[in-house]
There are 2 protein chains.
Amino acid sequence: MAMNEKVKQKFIETWGAMGSLWGINTSVARVHALLMVSEKPLGLDDISEELKISRGNASMCLKELRNWGVIKKARETGDRRDFYLSEDDVWTMFIRIVRERKRRELDPAVDSVRKVLAESKDDGSDPKVKARFSQMNEMLETMNSLAEAFLKSDEDAKAALSLLSNMVKMRD
Amino acid sequence: MAMNEKVKQKFIETWGAMGSLWGINTSVARVHALLMVSEKPLGLDDISEELKISRGNASMCLKELRNWGVIKKARETGDRRDFYLSEDDVWTMFIRIVRERKRRELDPAVDSVRKVLAESKDDGSDPKVKARFSQMNEMLETMNSLAEAFLKSDEDAKAALSLLSNMVKMRD
DNA sequence: CAATACTTTCAGAATATATTGAATATAACG
DNA sequence: CGTTATATTCAATATATTCTGAAAGTATTG
């Protein structure tokens, strides 16, 4: 019991710290971790109590996790409360997180550089600056195509990852 | 002239915003952008003036960029000041940024999960929690191997990226 | 459709991160 | 080796992010 709690706690804090390194709010990551190791679906109060965060904060974290697509709502008959479950497959989870990060981090950058490049096309501005923009654009477009191909579906992504992983293992 | 300045400014602010999305300090990214489009090496004062940031801050930003390995120091004879130049190849730059992010974001996570997993090996704690830890560990180790294989050298990484990129282009 | 049981929102407070600039360190020069 | 020119550090301050909790919103029940 005590041991269970200790390792569970460690899992939650480890995942929280990882989230923080990855630009994900620590509370969001802790809520996610709690749901990942929970035997049964948890409600807002369970989460708020267990992690010692306000109900308001817990609600925001759940909203965020729903946006990431890594948790599921599960209502029980005769109960008005919402309960939440974590997506079960770690790889699916990983891919969804990468997909959401692409949407937040790469897409706006691609858009922004595309736009400035188009605007400055024939305006006689410094060739070095234009060349830089053009290189940036090419790089971002390449990364974008790669990411889109890889992330097309959860299944494709899992297959690609497994293939790459085996290629790497093989070489050793 | 005015046009040059405008597009240059836009490049700097675009790169700054991208950096911010990617968890890189905005000032660091702006200094990097300025060096990328500069015709000649720039000193601390040039940077501080042009970007309207303090000399102290500029110094910290340059230190950070040196850590990322994306700028070079270039001293001129008869001048005590340090001047800086940006790495010229966008792909090399990209790969170095990814390498540094791996070091900061993935490596500590891998370490941390490895450690807790080893500690809880035979302690009779909740199997579901242990299973989660084990899955996390497997995923992180896989990503780590992939990243290490990919990032081994700038050249290998560029080759792999080019290969992948062509594979994706081919399919369309 | 009013009462109830919950969830969400959001202004203000708490916390964390980034920036400044004066003090300190370092290195080149004569 | 002292002087000078420059770079770096870091305590104080400014800014941005996260969290709280009470108020507003939404669904379900009888």
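All of these numbers come straight from a predicted model, not from anything done at the bench.
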Integer-rounded Å distance: [N] [atom2] and [X] [atom1]:
{"X": "B/I53", "N": "D/dA14", "atom1": "CD1", "atom2": "C1'", "answer": "16 Å"}
{"X": "A/F83", "N": "C/dA5", "atom1": "CZ", "atom2": "P", "answer": "15 Å"}
{"X": "B/L51", "N": "C/dA18", "atom1": "CG", "atom2": "C1'", "answer": "15 Å"}
{"X": "B/D79", "N": "C/dC29", "atom1": "CG", "atom2": "C1'", "answer": "13 Å"}
{"X": "B/I24", "N": "C/dT17", "atom1": "CD1", "atom2": "P", "answer": "16 Å"}
{"X": "A/D46", "N": "C/dT7", "atom1": "CG", "atom2": "C1'", "answer": "14 Å"}
{"X": "B/E76", "N": "C/dA27", "atom1": "CD", "atom2": "P", "answer": "20 Å"}
{"X": "A/R80", "N": "D/dA27", "atom1": "CZ", "atom2": "P", "answer": "13 Å"}

Are the charged groups of [X] and [Y] less than 4.0 angstrom apart, N to O?
{"X": "A/K6", "Y": "B/D123", "answer": "no"}
{"X": "A/K8", "Y": "B/D126", "answer": "no"}
{"X": "A/R99", "Y": "A/E105", "answer": "no"}
{"X": "B/R81", "Y": "B/D79", "answer": "yes"}

Item to check | Sugar-phosphate, base or nothing in reach of B/L62, heavy atoms under 4.0 Å | outcome: nothing
Does [N] have OP1 or OP2 sitting under 4.0 Å from an N or O in the side chain of [X]?
{"X": "A/K63", "N": "C/dT7", "result": "no"}
{"X": "A/S59", "N": "C/dT9", "result": "no"}
{"X": "A/S27", "N": "D/dT18", "result": "no"}
{"X": "A/R66", "N": "C/dT8", "result": "yes"}

Checklist outcome for this item: The residue, B/D45 or B/M60, whose nearest nucleotide of DNA chain D is more 5′ is B/D45
Next on the checklist: Heavy-atom nearest nucleotide on DNA chain D for A/R75 versus A/N57: which residue maps closer to 5'?
Outcome noted: A/N57
Checklist entry - Ignoring hydrogens and angles, does a donor from either the side chain of B/R55 or the base of C/dT20 sit under 3.5 Å from an acceptor on the other? => result no
Checklist entry - With respect to the side chain of B/R81, which nucleotide from C/dT8, D/dT28, D/dA7 is positioned closest? => result D/dA7
Checklist entry - When you measure from the side chain of A/D82, which nucleotide among D/dT8, D/dT20, C/dT7 comes out closest? => result C/dT7
Checklist entry - Taking the inter-plane angle between the rings of A/W91 and A/F94 on a 0 to 90° scale, is it parallel (under 30°), tilted (30 to 60°) or perpendicular (over 60°)? => result perpendicular
